[in-house]
Amino acid sequence: PDDYKEPESPYVVCEVLNIADTCSIAHLKIGDEIVVERRMLHKVDISDKTFYLVLENYIYGRLYR
């Protein structure tokens, strides 16, 4: 059909912009690319900016490129 849209992958690659002081993933650094489950991203809108947060236990892994 004309309105058919291929389903999105349940996973997404994200860039780490900041890390909580309490994060237990010691090897994680700002700028790393991580794989997370798309439905576990939490959208937060503050002062006309959009941020996406993810809990550390929903990180599947880090990409090395």
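Position 1 is the first residue of the sequence; numbering continues from there.
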Novice: Are the side chain of Glu37 and the backbone of Pro10 linked by a donor-acceptor contact shorter than 3.5 Å?
Specialist: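 Checking the backbone N and O of Pro10 against the side chain of Glu37, no donor-acceptor pair under 3.5 Å is found.
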Novice: Atom CD1 of Ile19 and atom CD1 of Ile30: how far apart are they, to the nearest 0.5 Å?
Specialist: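 Here the rounded value is 5.5 Å.
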Novice: Determine whether Leu41 and Leu53 satisfy the following criterion, side-chain contact (heavy atoms from CB on, under 4.5 Å), listing intermediate values before the conclusion.
Specialist: CA-CA 6 Å; Leu41 290 174; Leu53 308 177; over 6 Å; no
Novice: Start with the C-alpha distance between Lys43 and Thr50, add both sets of side-chain angles, then the distance that settles side-chain contact (heavy atoms from CB on, under 4.5 Å), and finish with yes or no.
Specialist: CA-CA 7 Å; Lys43 182 178 176 183; Thr50 301; 3.6 Å; yes
Novice: Hydrophobic clusters here meaning ILVMFWY residues chained together by side-chain heavy-atom distances under 4.5 Å, can you tell me if Leu63 and Val36 are in one?
Specialist: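 No.
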Novice: Does some side-chain heavy atom of Glu15 sit less than 4.5 Å from a side-chain heavy atom of Asp32?
Specialist: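 Counting from C-beta outward, Asp32 and Glu15 never come under 4.5 Å.
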Novice: Tyr58: what forms a ring-ring contact (aromatic ring centres under 6.0 Å, His included) with it, not counting sequence neighbours?
Specialist: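 Tyr58 satisfies ring-ring contact (aromatic ring centres under 6.0 Å, His included) with no other residue.
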Novice: So, do Val12 and Val35 sit near enough that their side-chain heavy atoms are less than 4.5 Å apart?
Specialist: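 No - every pair of side-chain heavy atoms lies 4.5 Å or more apart.
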Novice: Name all residues meeting the ring-ring contact (aromatic ring centres under 6.0 Å, His included) criterion together with Tyr4; count only those two or more places apart in sequence or in a different chain, and write none if there are none.
Specialist: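 So Tyr4 forms no ring-ring contact (aromatic ring centres under 6.0 Å, His included) with any residue.
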Novice: Nearest 0.5 angstrom please: Ile34 CD1 to Ile25 CD1, how far?
Specialist: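 Output value for this atom pair is 7.5 Å.
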Novice: So, the side chain of Ser47 versus the backbone of Lys49: is there a donor-acceptor pair under 3.5 Å, distance only?
Specialist: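 Checked: no pair found.
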Novice: Taking the side chain as every heavy atom from C-beta outward, state whether Cys14 and Ile59 have any pair of such atoms under 4.5 Å apart.
Specialist: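 Side-chain contact under 4.5 Å: no.
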Novice: What are the two closest non-hydrogen atoms of His27 and Arg62, and how far apart are they?
Specialist: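 Minimum heavy-atom contact is O-NH1, 2.8 Å.
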Novice: With sequence neighbours left out, what residues match Glu8 under salt bridge (Lys or Arg N to Asp or Glu O under 4.0 Å)?
Specialist: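 Once residues adjacent in sequence are excluded, the partners of Glu8 under the salt bridge (Lys or Arg N to Asp or Glu O under 4.0 Å) criterion are Arg38.
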Novice: Do Glu33 and Arg65 have side chains that approach each other closer than 4.5 Å (heavy atoms only, starting at C-beta)?
Specialist: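 Yes, close enough: below the 4.5 Å cut-off.
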Novice: How long is the straight-line distance from CE of Met40 back to CG of Leu55, given to the nearest 0.5 Å?
Specialist: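 The CE atom of Met40 is 9.0 Å from CG of Leu55, to the nearest 0.5 Å.
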